Amino acid sequence: MSGHGTPIPMTSQRGGPLVGTAEVPGDKSISHRALILGALAVGETVITGLLEGQDVLDTAKAMRVFGAGVTRDAGGTWRVHGVGVGGFAEPDQVIDCGNSGTGVRLIMGAMATSPVTATFTGDASLNKRPMARVTDPLARFGARAVGRSGGRLPMTIVGAEDPVPVRYAVPVPSAQVKSAVLLAGLNAPGETVVIEREATRDHTERMLAGFGATITTEDTPEGRVITLTGQPELRPQTIAVPRDPSSAAFPVCAALIVPGSDVLVPNIGLNPTRAGLFETLREMGADLAYENLREEGGEPVADLRARFSPDLKGIEVPPGRAASMIDEYPVLSVVAAFAEGPTVMRGVRELRVKESDRIAVMAAGLRAGGVEVEDGPDWWIVHGLGHGNVPGGQSCASHLDHRIAMSFLVMGMAAQAPVSVDDASPIATSFPGFEALMAGLGADIRRGS
Ligand code: S3P
């Protein structure tokens with residue numbers, strides 16, 4: 001099992017307004033997929049704007065262990081020499097995916113229909129997370145999995161020698177499960193079909209089409225039906241990774257709650273399957289504008305401008321929007337604390353199986369900071385106190401969860417008293433440079449508790 005380094009306690013407190021431009025890093029979901037599909041193409045894929053967070057670096061390392069050439073030049077351009085669909089070599093070492101559920105689940109899918117055996121592990125957070133949601137459909141292709149009780153890592157996958165295509169209705173709203181099945185379908189003959197009742201992020205489908213696979217998506221009464229024709233030759237691509245809306249969420253939300261703020265967050269990917277938070281914030285009364293809306297590399301992109309919004313109101317977040325903002329509920333719950341009245345979040349059971357149980361962990365930290373929170377298995381309600389009225393003053397545990405750490409640090413920037421987290425080191429998995437970026441905007445954020 002991989003470990004994290006020394007814990008980094010961090011504290012934020014009220015300072016001046018947040019002003020300036022926030023250049024957030026590349027999209028994590030797209031970065032993983034660019035490396036994996038690059039490794040499955042024949043020839044050289046060139047990637048710019050790749051997120052160089054630990055999660056993605058772990059996926060890059062895994063692709064090397066499966067036989068792809070993966071290099072980075074001094075200017076930050078990545079090159080992946082792919083081995084072709086079905087061309088993965090058998091790893092001679094354990095694949096350590098660190099903190100990344102996306103990394104491990106997508107890679108399991110990508111190798112499950114090749115005649116290789118691989119053993120996967122991760123950190124203390126990842127090794128608690130459910131993998132049966134991926135290994136169940138992979139078994140239908142003919143792959144075998146042996147792991148710990150409860151379908152947890154460490155786990156060995158024996159790839160199918162003679163894979164068969166699969167028709168699979170994904171039982172939970174999960175782009176990772178959908179993507180694992182599609183990546184496995186790449187090396188199965190015939191058509192693999194995935195059906196999802198609720199649409200989740202579609203970067204895998206878009207990128208597979210870009211690499212030359214035959215893939216169709218149809219919205220039907222039973223849900224979204226995605227059909228992939230197996231055993232294509234994937235053509236290498238040049239990919240410019242857009243910036244991550246899930247990372248943009250932190251400077252945007254901080255700007256909304258810190259008086260006097262005006263922050264521009266340029267070049268943010270606004271794929272509709274990812275942009276639910278921004279719609280929700282606007283419904284709450286946020287001063288949040290999309291400037292310069294355009295299309296880049298098949299994904300909608302805009303510059304976001306967020307200004308201090310003193311009159312935020314709590315709302316009922318439509319449950320049908322959950323998949324498009326699933327990673328943003330922790331920071332939304334912080335904004336909700338600064339809004340007037342309750343913010344009701346339903347249909348969010350998946351939050352309980354992320355890097356941490358995000359409902360439990362956020363509820364505990366918000367309560368410790370003087371905010372009333374109710375919660376149930378798949379819902380929670382944050383009772384907002386209104387701008388200026390959030391006490392704060394608490395120390396929070398981040399539970400190896402980057403988004404928990406960043407959310408509480410955002411809270412400290414506007415609460416009456418400072419907020420600390422016991423360990424901010426997991427932030428490096430998705431948003432290296434968060435501390436410097438927020439400090440550069442004017443936040444009072446420092447190491448120590
Ligand atoms: C991701 C899918 C989501 C999300 C995760 C990234 C992806 O997880 O929470 O951060 O890149 O496919 P689920 O698939 O478990 O919903």
Side-chain angles (χ1 to χ4, degrees), residues 25-37 50-51 53-56 58-59 97-110 122 125-126 128-137 151 153 168 170-184 194 196-208 224 226 241-242 244-250 269 271 273-277 299 319 321-332 347-359 361-362 378 400-404 406-407 426-427 429-431:
D27 190 284
K28 182 153 71 70
S29 293
I30 295 176
S31 294
H32 283 293
R33 288 159 172 79
L35 289 169
I36 294 170
L37 286 183
L50 190 85
L51 167 64
Q54 193 55 46
D55 278 10
V56 175
D58 287 335
T59 289
C97 290
N99 192 247
S100 182
T102 308
V104 74
R105 292 181 176 131
L106 268 54
I107 296 168
M108 282 179 172
S125 158
L126 187 58
K128 283 189 211 148
R129 297 180 66 186
M131 295 299 143
R133 54 177 54 201
V134 170
T135 55
D136 286 352
L153 302 179
Y168 190 68
V170 183
V172 287
S174 168
Q176 294 173 2
V177 175
K178 169 178 67 177
S179 301
V181 175
L182 290 172
L183 292 172
V194 185
E196 52 176 7
R197 232 168 299 138
E198 292 170 50
T200 63
R201 65 192 68 195
D202 62 358
H203 306 301
T204 303
E205 297 92 303
R206 287 177 190 243
M207 208 181 278
L208 276 167
R224 185 166 277 197
I226 304 149
V241 179
D244 200 325
S246 300
S247 296
F250 296 99
N271 179 313
T273 60
R274 295 288 300 283
L277 171 74
E299 299 267 354
R321 196 182 285 163
S324 71
M325 51 180 289
I326 196 68
D327 291 335
E328 283 65 76
Y329 283 93
V331 74
L332 174 65
V348 289
R349 185 182 298 273
E350 281 296 297
L351 291 179
R352 297 215 177 261
V353 290
K354 296 294 178 189
E355 286 82 332
S356 67
D357 176 342
R358 287 182 169 161
I359 296 178
V361 171
M362 285 308 300
D378 66 345
L400 289 181
D401 188 333
H402 51 133
R403 299 199 203 282
I404 297 293
M406 288 186 277
S407 296
I427 293 173
T429 61
S430 70
F431 198 159

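None of these values were measured; they are calculated from a predicted model. We count ligands from 1, going down the list as the structure has it; atoms in each ligand are counted the same way.
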Looking only at protein heavy atoms, which one is nearest to atom 11 (O) of ligand 1, and how far off is it?
Ser29 OG, 2.7 Å
Look only at interatomic distance and state if Lys354 has a nitrogen or oxygen under 3.5 Å from any nitrogen or oxygen of ligand 1.
yes
Among Thr59, Asp27, Asp55, whose side chain to side chain donor-acceptor pair (under 3.5 Å) with His32 holds?
Thr59
Correct closest heavy-atom pair for Thr200 and Ser174 would be CG2-N, 3.6 Å
Heavy-atom pair with the smallest gap, counting every atom of Pro25 and Ser430:
CG-O, 4.0 Å
When you compare the side chain of Leu153 with that of Arg129, does any pair of heavy atoms fall below 4.5 Å?
no
Closest to atom 2 (C) of ligand 1 by heavy-atom distance, out of Met325, Lys178, Arg201, His32, is Arg201
Ile226 vs Glu196 side-chain heavy atoms within contact, under 4.5 Å:
yes
What closest approach, in Å, do Leu126 and Cys97 show between heavy atoms, and which atom pair accounts for it?
CD2-CB, 3.9 Å
Among protein heavy atoms, which lies nearest atom 6 (C) of ligand 1, and at what distance?
Thr102 OG1, 3.2 Å
Any non-hydrogen atom of Arg33 lying under 4.0 Å from ligand 1?
yes
Looking only at N/O atoms, are Leu106 and ligand 1 under 3.5 Å apart anywhere?
no
Going by the atom numbers of ligand 1, which of them fall below 4.0 Å from some non-hydrogen atom of Pro173?
16 (O)
What are the two closest heavy atoms between Gly26 and Leu51, and how far apart are they?
O-CB, 3.3 Å
Which atoms of ligand 1 have any heavy atom of Ile326 under 4.0 Å away?
9 (O)
Nearest non-hydrogen contact with atom 4 (C) of ligand 1 belongs to which option: Leu351, Ile30, Thr273, Asp327?
Asp327
